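Not measured: the values here are computed from a predicted model.
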Amino acid sequence: MLRPRIPTNPLPTGIVTGTARNDVPAVPHQTPAPTPVRPTVQLTPGAVVAVIGGGTAVVLVVGAVLVSMLLAVAVTAASLAISALVIRSLVASQNHR
């Protein structure tokens with residue numbers, strides 16, 4: 001009842017029959033794909049100045065952010081070092097008493 005039923009396929013005979021057509025060429029003629037025409041970019045002197053100014057602004061902003069992050073890490077490291085020295089000093093002075 002629960003056995004799968006596999007359909008039986010007819011075995012190939014090895015004989016291929018078909019009609020031969022002489023009016024169809026063996027290799028169809030292919031036309032080359034048209035190349036897309038892209039408009040050329042023309043930069044005016046004002047646009048060049050704007051691009052240079054924008055790039056400079058981006059570099060300055062990214063530089064300021066990176067320097068501020070480095071400064072924050074340095075201040076945190078210095079405060080942790082000072083805290084460690086104070087705690088070490090307090091623990092050492094309690095052991096001597």
Without placing hydrogens or testing angles, list every side-chain donor-acceptor pair under 3.5 Å for residues 82-91, not counting sequence neighbours.
| from | atom 1 | to | atom 2 | distance (Å) |
| --- | --- | --- | --- | --- |
| Ser83 | OG | Ser79 | O | 2.9 |

Compare all side-chain heavy atoms of Leu70 with those of Leu66 and state whether any distance is below 4.5 angstrom.
no
Same cluster for Val58 and Val67 if Ile/Leu/Val/Met/Phe/Trp/Tyr side chains link at under 4.5 Å?
no
dist Leu71:CG -> Thr76:OG1 (nearest 0.5 Å) comes out at 9.0 Å
Could you give the side-chain donor-acceptor pairs of residues 47-54 under 3.5 Å, partners two or more places apart or in another chain?
none

